[in-house]
Amino acid sequence: MEKREKLFDGNEKQVFATDNPDLVIFRYKDVTVAYNNVKRARFPGKGILDNQISAMLLDYLNRNGVETHFVEKLGEREQLCRKIEIIPLEVVFHNRIAGTLASRLGVEDGFKPGNVIVDLCYNNDELGDPLVNQDQAVALKLATYEELEKMFSIARRAGALLTKLFHEAGIEMVDAKLEFGRASDTGAIIISDEISPDTCRLWDEKTGERLDKDCFRLDICDVAEAYAKVLDKLNSIKIK
Ligand code: 5GP
């Protein structure tokens with residue numbers, strides 16, 4: 001596999017072309033941003049942890065019938081992924097009501113409802129990733145109704161699988177943000193981007209300790225230490 005030109009240089013990741021038009025290389029940086037780029041910092045080694053965790057979780061979903069863009073881990077910071085056409089929407093799966101959703105609904109942060117909640121947001125930093133409904137997403141030509149149905153169904157299945165896996169590792173997955181794209185080779189709707197403590201709220205089941213990006217957002221814990229704990233816990237179980 002030959003690494004070619006840089007296609008995208010984001011805050012936290014870079015994407016490179018390869019000699020195969022249907023494959024790209026994701027490279028994870030040590031930078032982290034929050035609140036739509038308002039807050040920013042560098043944590044040495046964070047990109048390595050994110051790459052390992054994300055590769056593990058995406059591979060687990062692939063092997064359990066949820067198609068993602070992940071192909072293989074290439075090195076400590078890089079992974080080979082299928083090329084996609086980005087769908088600029090975020091599907092957020094909530095087991096508990098925390099963060100923005102708790103503020104919006106006026107409930108205590110961490111409230112546990114009797115049902116799972118799945119939200120749709122427009123992935124647009126300038127607008128602050130606003131909540132949108134299906135009609136609005138179709139009106140903006142971000143996706144079709146059929147694609148949205150698929151995204152919701154995949155998100156529920158992926159959310160359930162990830163919740164189970166984290167539970168086996170002694171971690172409660174409070175919520176998780178999923179992104180999707182159209183695979184360039186088959187056109188299928190597949191999970192893209194990363195799944196990591198940057199994109200999920202993860203709480204230690206025993207201690208309630210925060211093991212995710214809230215460490216940085218709220219300045220309450222050490223990011224690299226928290227992410228290393230997530231990796232250790234995932235490494236301590238047998239992932240099927
Ligand atoms: P909230 O809506 O409370 O900001 O986020 C809900 C969940 O989705 C959290 O796990 C959060 O990490 C994730 N999430 C939502 N939007 C984004 C985003 O733009 N970037 C990242 N990294 N995570 C997000």
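Below, all heavy atoms of this structure are taken into account, side chains as well, without hydrogens, waters or symmetry copies. Read the numbers this way: they start at 1 and go in the same order the structure lists the ligands and their atoms.
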* For Glu146, does the CD atom have more than 12 heavy-atom neighbours from other residues, nucleotides or ligands under 6.0 Å away? -> no
* Verify same cluster id: Leu61, Val71 (apolar side-chain graph, 4.5 Å) -> no
* With Lys39 as the cation and Phe216 as the aromatic partner, state whether NZ or CZ is under 6.0 Å from the six-membered ring centre and within 45° of the axis. => yes
* Asked: Where is the nearest protein heavy atom to atom 22 (N) of ligand 1: which residue, which atom, and how far?
  -> Asp198 O, 2.9 Å
* **Nearest neighbour in protein (non-hydrogen) for atom 16 (N) of ligand 1** => Glu90 OE1, 3.4 Å
* Asked: Is the gap between the ring centers of Phe26 and Phe16 under 6.0 Å?
  -> no
* Between Asp22 and Arg82, does at least one N-O distance fall below 4.0 Å, as a salt bridge requires? -> no
* To do: Using a cut-off of 6.0 Å, state whether more than 12 heavy atoms not belonging to Leu127 lie near its atom CG.
  => yes
* What protein heavy atom is closest to atom 5 (O) of ligand 1, reported as residue, atom name and distance in Å? -> Arg201 NH1, 3.7 Å
* Asked: Which atoms of ligand 1 have any heavy atom of Val92 under 4.0 Å away?
  -> 6 (C), 7 (C), 8 (O)
* Asked: For ligand 1, which atoms have a heavy atom of Lys213 less than 4.0 angstrom away?
  -> 22 (N)
* **atom 20 (N) of ligand 1 - nearest protein heavy atom and its distance** => Lys177 CE, 3.8 Å
* Asked: Nearest to atom 7 (C) of ligand 1 by heavy atom, Asp129, Leu131, Asp175: which?
  -> Asp175
* **Per-atom contacts, ligand 1 versus Gly99 - under 4.0 Å to a heavy atom** => 3 (O)
* Asked: Would you say Tyr122 and Val92 are hydrophobically clustered, going by side-chain heavy atoms of ILVMFWY under 4.5 Å?
  -> no
* Does Arg217 approach ligand 1 within less than 4.0 angstrom via side chain, backbone, both or neither, non-hydrogen atoms only? -> side chain
* To do: For ligand 1, indicate whether the residue Thr100 contacts it via side chain, backbone, both or neither (heavy-atom separation under 4.0 Å).
  => both
